[in-house]
Amino acid sequence: MVKSPSELSTETLIKRVMSGKKEYRSHEYLTAFSHIPSNLLHCNDVSRTELIKLWNSLQKCSIRCPYMTFSLVHDNSLIIKTIEDIYRNEKYAYICHDKDKNTEHKHYHYVLLFNSPRSLKAIANDLSLPYTMIEKVYSKRGILDYLTHENDPNKYHYSLNDIHANFDVSEEKEKEKGDPDIDVYQEFQDYCALREGRMSREEWFDKYSHLFYIVRHWKL
């Protein structure tokens with residue numbers, strides 16, 4: 001009995017779809033391919049870049065934003081070189097977190113700051129990463145503070161000198177200093193979304209980093 005695409009092993013499905021043969025690019029095959037978990041997107045016989053680009057193209061995501069972040073658990077010098085080459089006229093920063101007591105492995109956090117909104121999918125394709133690894137950032141100051149864990153009393157506080165960036169991080173943070181105009185109604189709506197599980201804590205922290213003192217004293 002012939003197996004349907006959804007019944008094939010991940011490796012076999014990847015090899016068939018990436019072979020480019022018409023019979024393996026049917027809707028059924030592409031649907032099964034799009035449902036492969038991003039952490040399983042690898043195959044020794046297939047170009048990772050092309051594999052990820054096709055997988056990204058099949059995902060439903062139209063998010064565009066000027067600030068974004070992602071993290072890696074290994075020293076990816078290729079990613080760093082790609083960022084420095086492609087985004088040399090934009091702002092980028094990254095840091096290695098290797099001193100956190102509760103973290104098993106060292107990991108790298110990257111921040112990209114663009115002058116105008118960019119597509120998460122396009123950036124993911126540039127970096128040959130599954131788009132699900134790229135996160136939208138709501139607060140520029142919040143994510144820059146996070147690089148050093150400045151506002152987290154439970155984590156190791158890194159020095160600004162530990163950050164690799166093509167811009168002055170301190171100066172950029174100062175630009176964002178001060179109380180922004182606050183939409184109290186939207187703030188309340190987002191708080192309700194957080195309590196009801198419709199908004200993650202990370203999203204709430206990024207968007208309302210200026211209220212971080214609340215996080216220290218409230219049980220959300």
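Sequential numbering from 1 along the given sequence is applied to the chain's residues.
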### Task
Check the pair Glu11 / Arg16 against salt bridge (Lys or Arg N to Asp or Glu O under 4.0 Å), numbers first and verdict last.
CA-CA 9 Å; Glu11 184 178 5; Arg16 287 189 179 184; over 6 Å; no

### Message
Taking CG in Asn39 as the centre, count heavy atoms belonging to other residues, nucleotides or ligands within less than 6.0 Å. Is the count above 12?
### Response
yes

[X] to [Y] - nearest heavy-atom pair and separation:
{"X": "Ala93", "Y": "Ile163", "result": "CB-CG2, 3.9 Å"}
{"X": "Ser170", "Y": "Leu160", "result": "OG-CD1, 3.0 Å"}
{"X": "Ile52", "Y": "Asn125", "result": "O-OD1, 4.4 Å"}
{"X": "Leu113", "Y": "Val111", "result": "CD2-CG1, 3.7 Å"}
{"X": "Tyr67", "Y": "Lys140", "result": "OH-CE, 3.3 Å"}
{"X": "Cys96", "Y": "Tyr158", "result": "O-CE2, 3.7 Å"}

Answer yes or no: is there a side-chain heavy-atom contact under 4.5 Å between [X] and [Y]?
{"X": "His109", "Y": "His97", "result": "yes"}
{"X": "Lys15", "Y": "Cys43", "result": "yes"}
{"X": "Ile95", "Y": "His164", "result": "no"}
{"X": "Gln59", "Y": "Ser34", "result": "yes"}
{"X": "Thr148", "Y": "Asp162", "result": "no"}
{"X": "Pro130", "Y": "Leu41", "result": "yes"}

### Salt-bridge contact Glu172-Lys175 (side-chain N to carboxylate O under 4.0 Å)
yes

### Task
Apply ring pair (Phe, Tyr, Trp, His ring centres under 6.0 Å) to the pair His149 and Tyr156, showing each step before the final yes or no.
CA-CA 7 Å; His149 292 160; Tyr156 180 87; 8.2 Å; no

Does [X] use its side chain to pair, donor to acceptor, with the backbone of [Y] at less than 3.5 Å?
{"X": "Arg64", "Y": "Arg118", "value": "no"}
{"X": "Glu7", "Y": "Ser4", "value": "yes"}
{"X": "Arg141", "Y": "Lys173", "value": "yes"}
{"X": "Arg25", "Y": "Val17", "value": "yes"}
{"X": "Asn166", "Y": "Glu90", "value": "yes"}
{"X": "Arg88", "Y": "Asp85", "value": "yes"}
{"X": "Thr12", "Y": "Leu8", "value": "no"}

Calculate, to the nearest 0.5 Å, the distance between atoms [atom1] and [atom2] belonging to [X] and [Y] respectively.
{"X": "Ser119", "Y": "Asp126", "atom1": "OG", "atom2": "CG", "answer": "9.5 Å"}
{"X": "Asn115", "Y": "Lys91", "atom1": "CG", "atom2": "NZ", "answer": "7.0 Å"}
{"X": "His157", "Y": "Glu150", "atom1": "NE2", "atom2": "CD", "answer": "8.0 Å"}
{"X": "Trp55", "Y": "Lys121", "atom1": "CH2", "atom2": "NZ", "answer": "9.5 Å"}
{"X": "Glu28", "Y": "Ser6", "atom1": "CD", "atom2": "OG", "answer": "6.5 Å"}
{"X": "Leu13", "Y": "His35", "atom1": "CG", "atom2": "NE2", "answer": "11.5 Å"}

### Query
Phe70: which other cluster members, linking ILVMFWY side chains closer than 4.5 Å, directly or transitively?
Ile63, Met68, Leu72, Ile79, Ile80, Ile83, Ile86, Tyr87, Tyr92, Tyr94, Tyr108, Tyr110, Leu112, Phe114, Leu120, Ile123, Leu127, Leu129, Met133, Ile134

### Message
With clusters defined by side-chain heavy atoms of hydrophobic residues (ILVMFWY) lying less than 4.5 Å apart, directly or transitively, does Tyr131 cluster with Phe33?
### Response
yes

